[in-house]
Amino acid sequence: MFPRTSGPARRLLQGGGAVAASLSLMAGAAWACPPEPENAQSKQASPQADGGEGTSGGPHSGHYRKAAPASTESEAIKGVRRVGGVSDAKGAISLMFIDYGHGRHKRTIMYATGTFGLKAYDVSADPRVPKLVGQLNMPGMWETEDTDFDPERKIIYLSRDPRAFGGNTRTGESGIYVVDAAKPESLKQITYVKVPAGHTTTCVNDCRYLWTGGPAKADWMPADWGGRPVWVTDVRNPAKPKVFADPIDTGRNDGKTDYTHDIQVDSEGVAWASGRGGVRGYYTEGRHYDPLAKRWRTASAHDPVPYAGGGLDEATTNSTFMHNSYRAAGRTRNQAADPRRWGNGKLLYVTEETFNDGCANDGLLVIASLKGSYGGEGWRSTPQDPFRLHTVATWGVAGKEGSDPASDDCSAHYFDVRDGIIAQSFYSQGTRFLDVRDPTNPRQVAYYRPADAASWQPYWHGRYVYVADNTRGVDVLEPTFR
């Protein structure tokens, strides 16, 4: 069977009211996640660092560490133009777009999350000039990375990292804030639930359940863990979330339970869990063949069935820490490489996030083949008999056109995909646009790197790309390269 705590999963109902906090905002740009490798020397470690996200006391202590400052004399732009944005969202980490109403009464609200909490901007009248219409103030909140939401019930799930409000990974509290966004002008917290993990939270099974992972382990967790795996929360009744006691996605790093960073659900419903040790996909509903149990069984959010995936080839990457991923399959099969040549859902697009010495050794975009991983190989992998996915190609920003040679803050971060183009954040190296229709040869076609860039996550929306920039707020870009 795939690694789980023995016995039936027990539910721990942990509800209750809000956790009050009114700490000052953390100053300056910060690196989002990393943590790899344990023996690397960190860049500009800040005094606030409390220990690595993946290993207690390790380097790259994560989000309280300030990124290397961008050059004040250097900026670059090609193939796009900035047409608008909002600077009052400084500290932005992620964005969401939720539609309200229909026909001529339809409007679109862009939600920004960050160290300030949650802000709502109406982009209906002019998408280039988002208009602030509501906010939920949570100064000192962390980390709300890749925040997810239920578009039908208009509920936003804010993930609380244990480092929020002055805490730390060893003893800090983690959990999920459940926010009612039915009225953007009047955002309300429905409840808050403690969860053993809290770095990122993702909807699965149409937002009836949540998967929450990361960061570094707490003091009370098993000594042989390298980081926090995934805990599942039942939010079918959002006012009374129920947390399953037994974690999932354990044993992810050659049999060792380690840091699961984030989950992306593809258009076929497969949940892809990225973290230290690679990327593994799970069925979370329906009846499927379990290659570990060697039988057909029904998958559920709290007892998923392994599908495919595994570790990435260390010879082609600079770490084993995989941050997020994307699989073009089903209705999205035409969004990346040509499926007629590369197959429907046969490739993974992965961010490797890491900060090593020197820009050239930082995290990459990695494109990997899932071939040979459908029999549970990624779950059976051990240090003695490791399984690795085949790397098709990688792309790093170091030395590329538009890069700032004075900056060593070069790791890849989140990306979004449309029509064969990946828009990807590279922190101080800005937002890059990569043509991946030929996955063996990713090709940069445009870039936007302002002098003070701290690009965390870009989003295709309509004709524009919205960039959550941790120092600038939100930039609205219009591609001109095609």
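- Figure legend: Lys119 and Tyr121 shown without cation-pi pairing, the cationic atom not lying both under 6.0 angstrom from the six-membered ring centre and within 45 degrees of its axis.
- Residues Leu370 and Arg327 meet the side-chain proximity criterion, which asks for heavy atoms closer than 4.5 Å.
- Note on ring orientation: taking the six-membered ring where Trp is involved, the planes of Trp395 and Phe426 are perpendicular (angle over 60°, cut-offs 30° and 60°).
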Would you please test Leu118 and Met96 for side chain to side chain contact (heavy atoms under 4.5 Å, CB included) and show each step? CA-CA 11 Å; Leu118 179 65; Met96 297 159 282; 4.1 Å; yes

Checking side chain to side chain contact (heavy atoms under 4.5 Å, CB included) for the pair Val204/Leu210: CA distance, chi angles, key distance, verdict? CA-CA 6 Å; Val204 298; Leu210 305 175; over 6 Å; no

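- Side-chain contact check for Gln264 and Asn324: no donor-acceptor pair (N or O, by modelled atom type) lies under 3.5 Å.
- Considering all non-hydrogen atoms of both residues, Ala368 and Leu312 come closest at CB-CD1, 3.6 Å.
- No side-chain heavy atom of Tyr289 sits less than 4.5 Å from a side-chain heavy atom of Val305.
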When you look at Asp150 and Tyr157, which way does the side-chain hydrogen bond (donor to acceptor under 3.5 Å, both in side chains) test go after all the steps? CA-CA 8 Å; Asp150 184 336; Tyr157 299 100; 4.7 Å; no

How far apart are the C-alpha atoms of Ser159 and Thr200, what are their side-chain angles, what is the distance that settles it, and do they pass the side-chain hydrogen bond (donor to acceptor under 3.5 Å, both in side chains) test? CA-CA 6 Å; Ser159 196; Thr200 63; 5.9 Å; no

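- Between Asp475 and Arg82 there is a salt bridge, with a side-chain nitrogen of the basic residue lying less than 4.0 Å from a carboxylate oxygen of the acidic one.
- Minimum heavy-atom separation, Val265 to Thr202: CG2-CG2, 4.3 Å.
- Salt-bridge formation is not detected for the pair Arg437/Asp338: no Lys NZ or Arg NE/NH1/NH2 atom is positioned less than 4.0 Å from an Asp or Glu carboxylate oxygen.
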For Asp313 and Arg388, what are the C-alpha separation, side-chain angles and deciding distance, and is it a salt bridge (Lys or Arg N to Asp or Glu O under 4.0 Å)? CA-CA 5 Å; Asp313 183 5; Arg388 299 292 183 263; over 6 Å; no

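- Proximity of Ile248 to His302: side-chain heavy atoms (C-beta onward) are nowhere separated by under 4.5 Å.
- Side-chain contact, Ser455 with Asp469: no donor N or O sits under 3.5 Å from an acceptor N or O.
- Annotation: Arg287, atom CZ; neighbour count of heavy atoms from other residues, nucleotides and ligands within 6.0 Å is above 12.
- Two residues are said to be in side-chain contact when any heavy atoms from C-beta on lie closer than 4.5 Å; Val467 and Val474 fail this criterion.
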For the pair Glu285 and Tyr283, evaluate side chain to side chain contact (heavy atoms under 4.5 Å, CB included) and give the outcome as yes or no after the intermediate values. CA-CA 6 Å; Glu285 57 186 344; Tyr283 293 114; over 6 Å; no

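- With contacts defined as side-chain heavy-atom distances shorter than 4.5 Å, the pair Ser274/His323 does not qualify.
- Salt bridge Asp258/Arg228: absent, no basic N to carboxylate O contact under 4.0 Å.
- Ring orientation note: the planes of Tyr326 and Tyr349 are tilted relative to one another, at an angle of 30° to 60°.
- Looking only at distances, no side-chain donor or acceptor of Asp262 sits under 3.5 Å from a matching main-chain atom of Ala273.
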Asp254 vs Ser381, test: side-chain hydrogen bond (donor to acceptor under 3.5 Å, both in side chains). Steps then yes/no. CA-CA 5 Å; Asp254 289 341; Ser381 184; 2.6 Å; yes

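- Rounding to the nearest 0.5 Å gives a distance of 9.5 Å between CG of Leu95 and OG1 of Thr147.
- Within the model, atoms OG1 of Thr320 and CG of Asn253 stand 5.5 Å from one another, a figure rounded to the nearest 0.5 Å.
- Proximity of Asn470 to Tyr427: side-chain heavy atoms (C-beta onward) are nowhere separated by under 4.5 Å.
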Go through Thr332 and Asp266 one step at a time and tell me if the side chain to side chain contact (heavy atoms under 4.5 Å, CB included) criterion holds. CA-CA 8 Å; Thr332 65; Asp266 67 29; 5.9 Å; no

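- With respect to Arg432 and Glu401, no salt bridge is recorded, no charged nitrogen being found less than 4.0 Å from a carboxylate O.
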side-chain hydrogen bond (donor to acceptor under 3.5 Å, both in side chains) assessment of Asp249 paired with Thr260: CA-CA 7 Å; Asp249 196 38; Thr260 304; 2.7 Å; yes

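- For the pair Arg276 and Tyr259, the cation-pi criterion (under 6.0 Å, within 45° of the ring axis) is not fulfilled.
- Ring to ring, Tyr459 and Tyr466 are not that close: their centroids are 6.0 angstrom or more apart.
- Here CD1 of Ile77 is found 10.5 Å from OG1 of Thr431. Values are rounded to the nearest 0.5 Å.
- For the pair Glu352 (side chain) and Asn318 (backbone), a donor-acceptor distance under 3.5 Å is present.
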Is there a ring-ring contact (aromatic ring centres under 6.0 Å, His included) between Trp379 and Tyr282 once you walk through the steps? CA-CA 11 Å; Trp379 286 259; Tyr282 296 89; 5.5 Å; yes

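- Surrounding CZ of Arg340 are at most 12 heavy atoms belonging to other residues, nucleotides or ligands under 6.0 Å away.
- Using modelled atom types, one side-chain atom of Ser403 and one backbone atom of Val397 make a donor-acceptor pair closer than 3.5 Å.
- For the residue pair Thr440 / Asp438, a side-chain donor-acceptor distance below 3.5 Å is found, with atom types taken as modelled.
- In this model, a donor atom of one side chain and an acceptor atom of the other lie less than 3.5 Å apart for Ser428 and Asp409.
- Nearest approach of Trp460 to Pro479, heavy atoms of both residues: CZ3-CG, 3.8 Å.
- Within the 4.5 Å cutoff, no side-chain heavy atoms of Phe244 are placed close to those of Thr233.
- Annotation: side chain of Thr257 is not in contact with side chain of Arg252 (no heavy-atom distance under 4.5 Å).
- What you find for Gly114 and Thr144 is that their closest heavy atoms are N-OG1, 3.5 Å.
- Lys256 has no carboxylate O lying under 4.0 Å from a charged side-chain N of Asp224, or vice versa, which leaves the two without a salt bridge.
- Between the side chains of His261 and Glu145, at least one donor-acceptor pair of N or O atoms lies under 3.5 Å.
- A donor-acceptor contact shorter than 3.5 Å is absent between the side chain of Thr169 and the backbone of Ala216.
- Between the SG atom of Cys410 and the NZ atom of Lys400 there is a distance of 10.5 Å, given to the nearest 0.5 Å.
- To the nearest 0.5 Å, the span separating CG on Asp408 from CG on Asp357 amounts to 8.5 Å.
- Using a 30° and 60° split on the angle between ring planes, His413 and Trp456 fall in the perpendicular class, above 60°.
- Between Arg128 and Glu478 there is no salt bridge, since none of the side-chain N atoms of the basic residue sits less than 4.0 Å from a carboxylate O of the acidic one.
- Contact record, Ala423 with Pro458: O-CG, 3.1 Å, taken as the closest heavy-atom pair.
- Distance check, rounded to the nearest 0.5 Å: CZ of Arg160 to OG1 of Thr212 gives 13.5 Å.
- Using cut-offs of 30° and 60° on the angle between ring planes, the pair Tyr374 and Tyr307 is perpendicular.
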